Amino acid sequence: MKTLSLFLLFTFITCSSLYTVRSDPSNHRYQQGDLVPLYANKVGPFHNPSETYRYFDLPFCLPGDLKEKKEALGEVLNGDRLVSAPYKLEFQRDKESVAVCKKTLKKEDVALFRSAVRKDYYFQMYYDDLPIWGFIGKIDKEGRDPSDYKYYLYQHIHFDIFYNKDRVIEINVRTDPNALVDLTEDNEVGVEFLYTVKWKETNTPFDNRMDKYSKSSSLPHHLEIHWFSIINSCVTVLLLTGFLATILMRVLKNDFVKYAHDEESVEDQEETGWKYIHGDVFRFPKYKSIFAAALGSGTQLFTLTIFIFILALVGVFYPYNRGALFTALVVIYALTSGIAGYTATSIYCQLEGTNWVRNLLLTGCIFCGPLFLTFCFLNTVAITYNATAALPFGTIVVIVLIWTLVTSPLLVLGGIAGKNSKAEFQAPCRTTKYPREIPPLPWYRGTVPQMAMAGFLPFSAIYIELYYIFASVWGHRIYTIYSILFIVFIILLIVTAFITVALTYFQLAAEDHEWWWRSFLCGGSTGLFIYAYCLYYYYARSDMSGFMQTSFFFGYMACICYGFFLMLGTVGFRAALFFVRHIYRSIKCE
């Protein structure tokens, strides 16, 4: 009970800290003439969201007092690197064509800007915690041949700011299409960077100033598609559950009647079907240590997902709450590692495993190991590109300390608790000394074809929603309809459980008693379908390009899909185990 209280306290502190990511003036109230903080964040190709660079990696005008904003862990993981911008935007003070600086761009600077314009570079800033974006230039494609294109740099920015009494409500940025600098030739160019500020009053309350960002995902035509996704998924679930319930109930009822009749009439009659293997169905699987570790890690990831949904549904992840999601993922994963340790060790001991310490180490590494290797490779790529996605040394030290001081001790404590639980595996039937031989089966009853069948239906229930999630994570869309996403997640779990149960029954009816690993692999196979969708999305639905963006997309999506594989595999196995125990408890096993 004490451990649970500490866990809830940690979670509460974490949730509270997610709301504290704000700019320096914490109350967001200003008097006329007060300097409202404007931070320049990053620049990068519009179609490559992971490939971002520091704002002043391009030769813009540097402010006289360049200061870096202190950032939370989640902001750094998100690739944010906020520094003071060269523009001075005082509260309720209009400005007209104020010069930031005059400078001569050298040939190298011109080439740098031209390359950025060619790749559709955008900039991102934060003004009183409100995000603003704009493109740094434009391409004139009058000539059909790319060599005839002309490249221009915007040199005049207009800020339109709306206020309500003493608070900033909204800010929009636009560039002057007539104030351009020609970057086409490799010549030195003189440029004067200008900005204009216009203040306007609005009646929009301060509490609603973020609504314009979240409303984009709640537009009627978007909601129609989301509801179509829900209806499609629900129809799939109803058809599947109805079909399975009808078939399985009828078949099982006939089986129970048949087996009861056989017992009463001819006792020495040869058994057939799933009852025939009652002495082998609860024989423990091979590689029990890996199996238990996968179940432990899958249970932890399932718990993590539920907590993330709870935080999302209560409104923690509002648009542009910088780094809140990454902070929550890191902290909650660390705090739930005890669940992985307890589950894995408890199952391992139930399966009569002896080396529980090795099993615990395997549990800690089965998901974090591939994630760490992927991170090392991608962080090296980001360092090579000098991108903001490269984590500073201090942040890496913080993550290592969290792993060392929180994750590992909780994993060990959970493992010790699991070992001392002394729970025994509840098997309705005795296991025979020697396993029965599995009869020859047709090719479509093999593991890979069964995984393909098991993964397709759950994937078909979520694929419409996947596009919006991908467009949000790997693009610039905003996703805020977490309630619909939660419904889709529940549907995914139900379909995964039902299809795994159905395939497990057909496997047992074919007198194949090695269902343990099969049920886990069939449940998790949806993760492989999601990764296949990644290939489709990258080549058909996005404009991402370049080695860094490609490696980040496929690298981190491989880790996410692997996490889905472990989590849904655990769901599939738990459902199959419940079903198998139920049917064998309903018959008399000798």
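Predicted model only: the values in this text are computed from it and were never measured.
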- [ ] Give the intermediate values and the outcome of side chain to side chain contact (heavy atoms under 4.5 Å, CB included) for residues R209 and H28.
- [x] CA-CA 12 Å; R209 70 175 190 163; H28 298 278; 3.8 Å; yes
Kindly say whether [Y] contributes a backbone atom to a donor-acceptor pair with the side chain of [X] at under 3.5 angstrom?
X    : Y    : result
Y39  : D129 : no
T388 : R54  : no
S542 : Y538 : yes
Y127 : V168 : no
K95  : E90  : no
N48  : S545 : yes
S115 : A111 : no
E188 : T104 : no

Check [X] against [Y] and note the closest heavy-atom contact, atom names and distance.
X    : Y    : value
F564 : G527 : CB-CA, 4.3 Å
A390 : R81  : O-NH2, 3.0 Å
V76  : P392 : CG1-CD, 3.5 Å
F91  : R167 : CZ-N, 3.8 Å
R118 : Y151 : NE-OH, 3.5 Å
F377 : S551 : CE2-CB, 4.2 Å

Open item on the list: Taking disulfide bond (SG atoms under 2.5 Å apart) as the cut-off, I'd like each qualifying pair that reaches into residues 91-126, sequence neighbours left out, listed once.
Closed with: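 Output for this query lists C61-C101.
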Heavy-atom count around [X] [atom1] within 6.0 Å, excluding the residue itself: above 12?
X    : atom1 : answer
F372 : CZ    : no
E201 : CD    : yes
N208 : CG    : yes

- [ ] Output, in order, the C-alpha distance, side-chain angles, deciding distance and verdict of side chain to side chain contact (heavy atoms under 4.5 Å, CB included) for L391 and I399.
- [x] CA-CA 10 Å; L391 294 189; I399 293 174; 4.1 Å; yes
Open item on the list: Exactly one of T52, D57, D80 should register a side chain to side chain donor-acceptor pair (under 3.5 Å) with K42. Which one does?
Closed with: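 The residue from T52, D57, D80 that satisfies side chain to side chain donor-acceptor pair (under 3.5 Å) with K42 turns out to be D80.
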Sub-4.5 Å side-chain heavy-atom contact between [X] and [Y]:
X    : Y    : answer
S84  : K69  : no
V189 : L153 : no
F317 : I308 : yes
N187 : V110 : no
F56  : P86  : yes
Y87  : M125 : yes
L130 : I169 : no
L58  : Y121 : yes

Rounded to the nearest 0.5 Å, what's the gap from [atom1] on [X] to [atom2] on [Y]? Could you check?
X    : Y    : atom1 : atom2 : result
I462 : I469 : CD1   : CD1   : 7.5 Å
I136 : Q155 : CD1   : CD    : 13.5 Å
F486 : I491 : CZ    : CD1   : 11.0 Å
F367 : F565 : CZ    : CZ    : 13.0 Å
L493 : I306 : CG    : CD1   : 7.0 Å
Y152 : T175 : OH    : OG1   : 14.5 Å

Open item on the list: Is the distance from the ring center of F60 to that of F113 below 6.0 Å?
Closed with: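 Distance test on ring centres: under 6.0 Å, yes.
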- [ ] With side chain to side chain contact (heavy atoms under 4.5 Å, CB included) as the test, would you mind laying out the steps for Y333 and L301 before giving the verdict?
- [x] CA-CA 8 Å; Y333 184 84; L301 292 172; 4.0 Å; yes
Going by the rule side chain to side chain donor-acceptor pair (under 3.5 Å), which residues pair with [X] if we only count those two or more places apart in sequence or in a different chain?
X    : answer
D166 : R29
S97  : none
E170 : N172, K212

Task: With W474, the ring pair (Phe, Tyr, Trp, His ring centres under 6.0 Å) member among Y556, F553, Y467, Y468 - done: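 Answer to the ring pair (Phe, Tyr, Trp, His ring centres under 6.0 Å) test with W474 among Y556, F553, Y467, Y468: F553.
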- [ ] Using salt bridge (charged side-chain N to carboxylate O under 4.0 Å, His left out) as the criterion, list what pairs up with K200, not counting sequence neighbours.
- [x]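 Not a single residue meets the salt bridge (charged side-chain N to carboxylate O under 4.0 Å, His left out) criterion with K200.
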- [ ] Quick one: list whatever passes salt bridge (charged side-chain N to carboxylate O under 4.0 Å, His left out) with K102, sequence neighbours left out.
- [x]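 Result, salt bridge (charged side-chain N to carboxylate O under 4.0 Å, His left out) vs K102: none returned.
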- [ ] Decide whether a cation-pi geometry holds between R541 and F470; the criteria are a distance under 6.0 Å from NZ or CZ to the six-membered ring centre and an angle within 45° of the ring axis.
- [x]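 So R541 doesn't make the cation-pi contact.
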Open item on the list: Hydrogens and angles aside, do Y479 and E465 bring a side-chain donor and acceptor to less than 3.5 Å of each other?
Closed with: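 Present: a donor and an acceptor within the cut-off.
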Open item on the list: Can a side-chain donor-acceptor contact be found between T196 and H156 if the only test is distance below 3.5 angstrom?
Closed with: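 H156 vs T196: donor-acceptor pair found between side chains.
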Open item on the list: As a quick check of understanding, evaluate ring-ring contact (aromatic ring centres under 6.0 Å, His included) for Y533 and Y463, giving each step before the final call.
Closed with: CA-CA 8 Å; Y533 180 82; Y463 80 97; 7.7 Å; no
TODO: List the steps, then state whether side chain to side chain contact (heavy atoms under 4.5 Å, CB included) holds for K88 with L35.
DONE: CA-CA 7 Å; K88 304 299 179 186; L35 186 63; 4.2 Å; yes
Open item on the list: Applying the side chain to side chain contact (heavy atoms under 4.5 Å, CB included) criterion to W199, which one of F159, Y163, F162 satisfies it?
Closed with: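 It is Y163; the other options fail the test.
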